[in-house]
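Comments concern the structure below.
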2 protein chains.
Amino acid sequence: MDASIIVTRLAALAHETRLAIFRVLVPAGPQGLPAGAISERLGIPAPTLSFHLAQLTRAGLVVARQQGRYVIYTAHFAAIDELIAYLTENCCQGLACLPKTQTAMGKRRPILEKPSRLKEEACNDH
Amino acid sequence: MDASIIVTRLAALAHETRLAIFRVLVPAGPQGLPAGAISERLGIPAPTLSFHLAQLTRAGLVVARQQGRYVIYTAHFAAIDELIAYLTENCCQGLACLPKTQTAMGKRRPILEKPSRLKEEACNDH
DNA sequence: TCGATATTTCCAGAAATATCGAATAAATGA
DNA sequence: TCATTTATTCGATATTTCTGGAAATATCGA
């Protein structure tokens, strides 16, 4: 995974408005939302929203499809997966130092039966 | 976790140079590296490096400590853990849609004995 | 065809970021 | 004390990003 793609994706999410847009699209799932619905829900003027959606699209974090006179936007989950994977690989160098992340993933689906001692041995945090 | 902190951290990493700085600090571990060593290794003029280190510090992604006339910088793993956890929680809404991430974590330590079918059922990627 | 609706593009000003030489500060050791 | 080393701050400039009104484009239903 090329670092410049990662930078583009990080930059796309590194904006209050765009992060909000993405977070609105996530629960909408594959069905997505038309631009207007996003504009209304977040109270963003259409041209401004369009600008931010273009950034997210360029970064591959959202996908647009035309449907009649609507343009439906959906979160591209594979892209954010790649982003998370990149950060994970570039974080702890083979050490398990991700108690919060493991909790987050555990919340979504319990992969660990017993609360692994990974959580206890904490990474080198200072 | 406040979204504006997340935005600050994403923005801090969303720059070619700063991402490189962070990636140099990660393998250095808790011992860290003096600013000069980073400057030399990445070929960045001192004032420019100082500017970027300040951003990373402000975002809480790196920590500085004075040691004689050196300033030693270390990666703050807990911070990037929080970042990854945030993205994880805001990605798939309870669905396990993170094959790449699970692979990345598995590489670091095999948490799953059998290659869970999570990988197969892929998320709603389009 | 026409009017209404949905969205994007154009544009220009405002704001925020990035770069790096020169100057400055702080710690060290002779 | 003084020269040296390490790092930050200052300052001037360049570049990029953000914002939203006005105009353009596209689709639809009547």
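Note that the structure is a prediction, hence the values are computed from the model and not measured. Proteins come first, then strands; the chains are lettered A, B, ... in the order of their sequence lines, and each starts at number 1.
To the nearest 0.5 Å, atoms OG1 (B:Thr17) and NE2 (B:His52) are separated by 4.5 Å. Interatomic distance, A:Leu83 CG to B:Ile84 CD1, rounded to the nearest 0.5 Å: 9.0 Å.
Closest approach of B:Leu53 and B:Ala35 over heavy atoms only: CD1-CB, 4.2 Å. For the residue pair B:Leu56 and B:Ala12, the shortest heavy atom distance occurs at CD2-O, 3.9 Å. Closest approach of B:Gly29 and B:Thr74 over heavy atoms only: O-CG2, 3.9 Å. Smallest separation of non-hydrogen atoms from A:Pro27 and A:Arg23: CD-O, 2.9 Å.
With B:His76 contributing its side chain and B:Val63 its backbone, the two residues share no donor-acceptor pair below 3.5 Å. One N or O on the side chain of A:Asn90 and one on the backbone of A:Tyr86 form a donor-acceptor pair closer than 3.5 Å.
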For nucleotides 8-15 of chain C, list the nitrogen or oxygen atoms of the protein found under 3.5 Å from its nitrogen or oxygen atoms, one pair per line.
| residue | atom | partner | partner atom | Å |
| --- | --- | --- | --- | --- |
| C:dT8 | OP1 | A:Tyr73 | OH | 2.3 |
| C:dT8 | OP2 | A:Ser50 | OG | 2.9 |
| C:dT8 | O5' | A:Ser50 | OG | 3.2 |

Under 3.5 Å between N/O atoms: give me all the protein pairs with nucleotides 24-30 of chain C, atom names plus distance.
none

Please report, to 0.1 Å, the donor-acceptor pairs under 3.5 Å made by any side chain of residues 38-49 of chain A, with sequence neighbours excluded.
| residue | atom | partner | partner atom | Å |
| --- | --- | --- | --- | --- |
| A:Ser39 | OG | A:Ile44 | O | 2.7 |

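A search for side chain to side chain donor-acceptor pair (under 3.5 Å) contacts involving A:Arg58 returns A:Gln55, not counting sequence neighbours. Residues passing the side chain to side chain donor-acceptor pair (under 3.5 Å) test with B:Arg69, sequence neighbours excluded: none. A search for side chain to side chain contact (heavy atoms under 4.5 Å, CB included) contacts involving B:Ala64 returns B:Val71, B:Tyr73, not counting sequence neighbours. With sequence neighbours excluded, no residue forms a salt bridge (charged side-chain N to carboxylate O under 4.0 Å, His left out) with B:Arg18.
Through chains of ILVMFWY side-chain contacts below 4.5 Å, B:Ile72 is grouped with B:Tyr70.
Where B:Pro34 and A:His52 meet DNA chain D, the nucleotide closest to each residue was compared, and B:Pro34 sits on the side nearer the 5' end.
Where DNA chain D meets chain A (any atom under 4.0 Å from a heavy atom), the bounding nucleotides read 5' to 3' are D:dC18 to D:dC28.
The side chain to side chain donor-acceptor pair (under 3.5 Å) pairs that include a residue from residues 6-16 of chain B are B:Arg9-B:Glu82, where partners are two or more places apart or lie in different chains.
Taken together, the paired segments of DNA chain D that extend over three or more consecutive Watson-Crick or G-U pairs, each closer than 3.5 Å at both contacts, are C:1-30 with D:1-30.
Across residues 2-11 of chain A, not one residue has a non-hydrogen atom less than 4.0 Å from an atom of DNA chain D.
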